[in-house]
Amino acid sequence: MTDTGKLYHNHCTGEALHTVECHVADEHITLFAGCFCPFVQRAWVTLEHLGIPYKTDEVDPYKKPQELLDLSPKGLVPALKLNNYTPPRALNESTVIMEYLEDLAATSTKQTLLPPISDPYARALVRLQSDHINRVLVPAFYRYLQAQDPAAQTAGETELRAAIETLVGLFERAENQVGGTGLWKEGGELGWADVMVGPWMFRANKVLKHYRGFVMPEGTMLNAWLDRLFEHPAFKRTCSTDELYLDSYERRAPYAFNRPNTSQVATAINTGRALP
């Protein structure tokens, strides 16, 4: 596939644009976001599902404004600005932000992404799912997308498919032992692991399918889970049109053609370091 030099996007489109437009008023929390970033989508879906008021500030993550650098030492999104402190305080890292919002909701909106605290084993199973997502599945996604020669792409596809199949096994374990967690369970609620992995499954279904010909592993339960996830209102409200992702992942993100020195995530994958 030829690098066509498409421009990356700075602003959401589609349903995500409508969501941004609904969150322009000042609030105690400001979400600094990049429209195509899956780590941002984690935090954004969490805010939407937990019903926590927030303002959105879309930034160009490759031309980092000083306000973002003040909040996030590496200039990475997502970042939260907590305006109810004097002076305002900051949080960064998507998982930390999710944990903060979960704790905040426990004393405000009473919504949650986790099993009840009365079921510590179910909560532990969700943590196992999330650990696999962060340590194995997400890096595998980027290695596959950035791979340029056919042999590396074949290896990347095999690695990602194995990571997805392992996650399915963890979901099935929870189903067998505690009746299921999150949206894997038919009739279940959006869960922690759904939000942790959803942005990458969505991009695998869009970006990897387009640039690498990727096809999801077969499975009736997997397909049903993906349908429930992608159609969940909190998830849909944070999704832009396909064009935004295809353009952005080619041009700047720079994964599809692995342009050097344009993304901290891409550089980490190329050098074998942990994701920033």
Side-chain angles (χ1 to χ4, degrees), residues 14-16 19 37-50 94-95 98 101-102 111-116 119 121-142 144-145 156-210 212-240 242 245:
E15 292 199 40
T19 304
C37 176
F39 296 98
V40 166
Q41 194 173 14
R42 275 181 174 172
W44 201 5
V45 174
T46 302
L47 283 162
E48 283 290 309
H49 181 68
L50 297 182
S94 63
T95 305
M98 286 178 63
L101 296 173
E102 177 74 21
Q111 300 297 311
T112 184
L113 289 167
L114 290 168
D119 194 345
Y121 184 70
R123 291 166 74 96
L125 291 181
V126 169
R127 293 187 181 98
L128 285 175
Q129 297 162 5
S130 301
D131 179 71
H132 172 72
I133 292 163
N134 273 343
R135 289 194 306 105
V136 180
L137 193 150
V138 171
F141 173 94
Y142 288 112
Y144 181 26
L145 182 57
E157 179 183 11
T158 300
E159 181 186 16
L160 180 59
R161 290 179 70 89
I164 293 171
E165 289 164 356
T166 297
L167 180 62
V168 168
L170 291 170
F171 285 156
E172 290 174 340
R173 174 182 172 181
E175 182 180 17
N176 293 333
Q177 295 182 347
V178 298
T181 55
L183 291 176
W184 185 263
K185 177 181 179 181
E186 187 173 0
E189 297 291 333
L190 184 71
W192 187 269
D194 300 325
V195 178
M196 288 284 286
V197 77
W200 285 270
M201 300 301 283
F202 182 77
R203 285 155 180 77
N205 213 37
K206 304 290 185 183
V207 178
L208 286 181
K209 182 178 181 180
H210 179 81
R212 297 291 179 259
F214 179 69
V215 178
M216 285 285 180
E218 293 292 330
T220 302
M221 289 292 291
L222 175 60
N223 291 337
W225 169 66
L226 289 173
D227 287 343
R228 289 192 287 270
L229 175 58
F230 295 161
E231 291 300 314
H232 191 280
F235 192 86
K236 287 184 70 174
R237 287 195 295 267
T238 65
C239 291
S240 289
D242 291 359
Y245 300 106

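Atoms considered below: every heavy atom in the structure, side chains included; atoms not considered: hydrogens, waters and symmetry mates. Values in this document were obtained by computation on a predicted structure and should not be read as measured data.
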Go through it in stages, so that I can follow the logic: the residues are Trp200 and Tyr142, the test is side chain to side chain contact (heavy atoms under 4.5 Å, CB included), and I'd like the CA-CA distance, side-chain angles, deciding distance and then a yes or no.
CA-CA 10 Å; Trp200 285 270; Tyr142 288 112; 3.1 Å; yes
Hey, does His210 have a side-chain heavy atom less than 4.5 Å from the side chain of Lys206?
no
Work out which heavy atom in Asp194 is nearest to a heavy atom in Leu183; give both atom names and the distance.
OD2-N, 2.8 Å
4.5 Å side-chain heavy-atom contact, Leu190 and Leu229
yes
Less than 4.5 Å apart, any side-chain heavy atom of Glu186 and any of Met221?
no
Value rounded to 0.5 Å, distance of CZ in Arg161 from CE in Met216:
9.5 Å
Do Val126 and Gln129 come within less than 4.5 Å of each other through their side chains, counting heavy atoms only?
yes
Looking at Tyr245 and Ser240, would you say the former's side chain and the latter's main chain have a donor-acceptor pair under 3.5 Å?
yes
Gap separating the CG atom of Leu137 from the CG atom of Leu160, nearest 0.5 angstrom:
5.5 Å
Any salt bridge linking Arg212 with Glu157? Criterion: basic side-chain nitrogen under 4.0 Å from a carboxylate oxygen.
no
Pairing of Glu15 and Arg237 as salt bridge, 4.0 angstrom limit
no
Just checking, is any N or O donor in the side chain of Glu102 or Thr46 under 3.5 Å from an acceptor N or O on the other one?
no
Separation of Glu165 CD from Glu172 CD (nearest 0.5 Å):
10.5 Å
Do His49 and Val195 come within less than 4.5 Å of each other through their side chains, counting heavy atoms only?
no
Phe230 ring center near Trp225 ring center (under 6.0 Å)
no
Flag for Tyr144-Glu159: side-chain donor and acceptor within less than 3.5 Å:
no
NE2-CZ distance between His132 and Phe171, expressed to the nearest 0.5 angstrom:
9.0 Å
Taking the side chain as every heavy atom from C-beta outward, state whether Leu145 and Val207 have any pair of such atoms under 4.5 Å apart.
yes
Side chain to side chain, Lys236 and Glu231, heavy atoms closer than 4.5 Å
yes
Could you check Leu128 against Arg173 for side chain to side chain contact (heavy atoms under 4.5 Å, CB included), going step by step and ending with a plain yes or no?
CA-CA 11 Å; Leu128 285 175; Arg173 174 182 172 181; 3.7 Å; yes
Could you grab the distance from atom CD1 of Ile133 to atom CG of Leu167, nearest 0.5 Å is fine?
5.0 Å
OG1 of Thr112 to CH2 of Trp192: how many Å apart, nearest 0.5 Å?
8.5 Å
Side chain proximity check, Leu222 to Ile164, heavy atoms < 4.5 angstrom:
yes
With sequence neighbours left out, the residues meeting side chain to side chain donor-acceptor pair (under 3.5 Å) with Ser94 are Arg42
Anything under 30° is parallel, anything over 60° is perpendicular, the rest tilted; go ahead and classify Phe202 against Phe235.
perpendicular
For Thr238 and Ala234 the tightest heavy-atom approach is CG2-O, 3.5 Å
Kindly indicate, with the supporting measurements, whether the criterion side chain to side chain contact (heavy atoms under 4.5 Å, CB included) is fulfilled by Val178 and Leu125.
CA-CA 9 Å; Val178 298; Leu125 291 181; 4.1 Å; yes
